[in-house]
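Owing to the predicted nature of the structure, the values given are computational and were not obtained by experimental measurement. Atom set for the values below is all heavy atoms of this structure, side chains included, hydrogens, waters and symmetry mates excluded.
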Amino acid sequence: MTPEDPEETQPLLGPPGGSAPRGRRVFLAAFAAALGPLSFGFALGYSSPAIPSLQRAAPPAPRLDDAAASWFGAVVTLGAAAGGVLGGWLVDRAGRKLSLLLCSVPFVAGFAVITAAQDVWMLLGGRLLTGLACGVASLVAPVYISEIAYPAVRGLLGSCVQLMVVVGILLAYLAGWVLEWRWLAVLGCVPPSLMLLLMCFMPETPRFLLTQHRRQEAMAALRFLWGSEQGWEDPPIGAEQLSGVNAVMFYAETIFEEAKFKDSSLASVVVGVIQVLFTAVAALIMDRAGRRLLLVLSGVVMVFSTSAFGAYFKLTQGGPGNSSHVAISAPVSAQPVDASVGLAWLAVGSMCLFIAGFAVGWGPIPWLLMSEIFPLHVKGVATGICVLTNWLMAFLVTKEFSSLMEVLRPYGAFWLASAFCIFSVLFTLFCVPETKGKTLEQITAHFEGR
């Protein structure tokens with residue numbers, strides 16, 4: 001099919017003014033798909049409690065040095081970049097549902113390899129596999145959810161992708177408080193296994209079925225999800241990572257240790273709770289406030305918070321124990337230092353403000369927009385390029401974060417992130433259209449100039 005085919009642009013069934021759908025199974029299907037993002041959130045958060053645990057490990061268990069710890073945190077993003085490319089190919093050929101089912105395999109396999117690891121290479125191999133699954137899930141889940149949701153709830157359900165990511169991160173932080181790295185990896189197998197089970201009972205998206213000329217199956221899926229066919233129309237067939245958010249989440253505990261905060265594990269859990277709460281708030285107000293307003297607000301908050309966190313490091317750089325050489329993944333004494341104990345609140349406050357700001361805008365909305373703005377005939381390729389770019393930037397930021405803090409000092413690294421946040425605000429104001437309340441067909445028409 002081509003975008004100009006009359007069959008694609010005309011309403012399929014029901015009068016345009018029909019009542020909005022009220023089906024509740026769409027929420028169950030969205031939850032099943034969102035277990036993929038929950039799994040990839042757990043994979044992202046896993047490194048924060050696991051790295052200190054692995055650095056303390058005694059033989060014969062594998063033990064991470066500073067260089068290996070850096071790769072342990074970053075290699076998942078390389079796998080995710082490859083997963084973005086694979087997901088872009090799978091989503092158009094195997095379909096949205098089967099792609100989600102398939103991505104559960106490397107999730108479980110990766111955590112199983114980590115659980116059985118006898119050396120550093122097995123740890124890195126397991127992280128690479130979970131990263132591959134992260135890339136596929138981060139592409140396919142938003143597409144699946146946006147295509148099954150009706151306009152009145154698409155913002156809410158689309159934001160649940162990021163909500164489940166941060167819930168997964170928080171789960172990793174909380175579990176890492178009481179579990180060593182092997183048992184933490186065992187726990188990581190649970191969400192993808194549950195997704196595999198639930199998605200077996202969910203339908204393929206009606207839009208994908210129509211591209212395969214399976215109209216009767218598409219209508220059956222629509223009735224399952226929406227409860228009726230009212231309101232359906234036949235469809236036309238990196239700034240986020242540069243804010244430093246992945247480096248913050250991967251190394252949350254060690255960042256707080258570098259800030260000489262007394263209980264870095266507790267601080268990381270607090271950060272995770274704040275991220276979950278504010279992402280939930282964003283999901284609830286997304287369809288009322290709009291995407292652009294939340295992106296601008298989010299960017300402004302991140303500008304101030306990263307500037308403040310840089311100021312903390314600048315004010316404490318001269319204190320005892322603060323070397324100009326920073327190894328962010330190396331354990332640092334958690335005891336407060338006289339020069340920085342009075343400013344510990346600034347480190348905690350600015351970090352929490354950054355996470356809150358990111359969670360209400362630049363966390364959930366880019367994934368939602370990615371699933372909204374691309375027409376079906378290029379969705380697989382276009383979203384694959386977006387996810388590839390996202391995870392490559394995540395790899396660069398995560399892998400080189402310690403080097404950046406060494407070269408620019410910690411305060412310079414966070415002020416550089418602040419500059420990228422300023423750019424994100426300007427980009428939103430001048431380049432990002434508002435999509436709230438619009439059908440996917442209306443959004444496509446906007447970009448095609450119709």
Side-chain angles (χ1 to χ4, degrees), residues 11 14 16-34 36-38 96 138 141-167 205-207 222 225-233 235-236 240 275-301 356-375 379 383 386 424-425 428-429 431-447:
S19 60
R22 290 291 183 268
R24 294 185 179 180
R25 288 176 180 167
V26 67
F27 294 95
L28 176 61
F31 172 77
L38 177 70
R96 286 61 162 144
S138 65
V143 172
Y144 181 88
I145 291 173
S146 73
E147 290 188 1
I148 65 172
Y150 43 91
V153 298
R154 196 176 64 245
L156 170 65
L157 294 182
S159 299
C160 286
V161 171
Q162 180 66 14
L163 177 61
M164 293 296 269
V165 172
V166 298
V167 167
T205 73
R207 284 179 170 83
L222 193 64
L225 293 164
W226 291 15
S228 73
E229 296 156 359
Q230 292 278 5
W232 170 261
E233 293 180 4
E240 174 189 356
Q275 192 172 27
V276 169
L277 290 177
F278 279 88
T279 304
V281 169
L284 293 174
I285 67 175
M286 184 78 64
D287 289 312
R288 294 186 181 130
R291 283 60 156 161
R292 277 170 52 90
L293 175 61
L294 290 179
L295 282 175
V296 171
L297 176 63
S298 172
V300 170
V301 170
F358 179 80
V360 299
W362 281 94
I365 296 178
W367 299 103
L368 174 61
L369 286 176
M370 178 189 74
S371 66
E372 289 181 325
I373 64 176
F374 296 124
K379 183 165 281 189
T383 53
C386 288
S424 74
V425 173
T428 301
L429 290 172
C431 301
V432 177
E434 182 56 73
T435 61
K436 75 166 182 175
K438 296 180 180 179
T439 66
L440 297 181
E441 294 69 44
Q442 291 170 332
I443 295 169
T444 299
H446 167 80
F447 282 102

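- Between V161 and L368, every side-chain heavy-atom pair lies at or beyond the 4.5 Å cut-off.
- E434 places a side-chain N or O within donor-acceptor distance of the main-chain N or O of R291, the cut-off being under 3.5 Å.
- Rounding to the nearest 0.5 Å gives a distance of 10.5 Å between CD of Q162 and OG of S138.
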Ignoring hydrogens and angles, write down the donor-acceptor pairs under 3.5 Å from the side chains of residues 151-160, residues two or more places apart or on other chains.
{"unit_1": "R154", "atom_1": "NE", "unit_2": "E372", "atom_2": "OE2", "d": "3.0"}
{"unit_1": "R154", "atom_1": "NH1", "unit_2": "K438", "atom_2": "O", "d": "3.0"}
{"unit_1": "R154", "atom_1": "NH2", "unit_2": "E372", "atom_2": "OE2", "d": "3.2"}
{"unit_1": "R154", "atom_1": "NH2", "unit_2": "K438", "atom_2": "O", "d": "2.6"}
{"unit_1": "S159", "atom_1": "OG", "unit_2": "G155", "atom_2": "O", "d": "2.8"}

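- Atoms CH2 and CG, from W362 and L294 in turn, are 12.0 Å apart once rounded to the nearest 0.5 Å.
- Residue K436 holds its NZ atom at 8.5 Å from CG of L293, rounded to the nearest 0.5 Å.
- For the side chain to side chain contact (heavy atoms under 4.5 Å, CB included) test, residues two or more places apart in sequence or in another chain that qualify with V301 are L297, L353.
- R292 places a side-chain N or O within 3.5 Å of a backbone atom of T428 that can act as its donor or acceptor partner.
- In terms of the side chain to side chain contact (heavy atoms under 4.5 Å, CB included) criterion, residue partners of L28 (sequence neighbours excluded) are, by chain and number, M202.
- A distance of 15.5 Å separates CH2 of W226 from CZ of R25, quoted to the nearest 0.5 Å.
- Contact check for L369 versus L295: side-chain heavy atoms found under the 4.5 Å cut-off.
- With respect to Y150, the side chain to side chain contact (heavy atoms under 4.5 Å, CB included) criterion is satisfied by exactly one of V26, L222, L225: V26.
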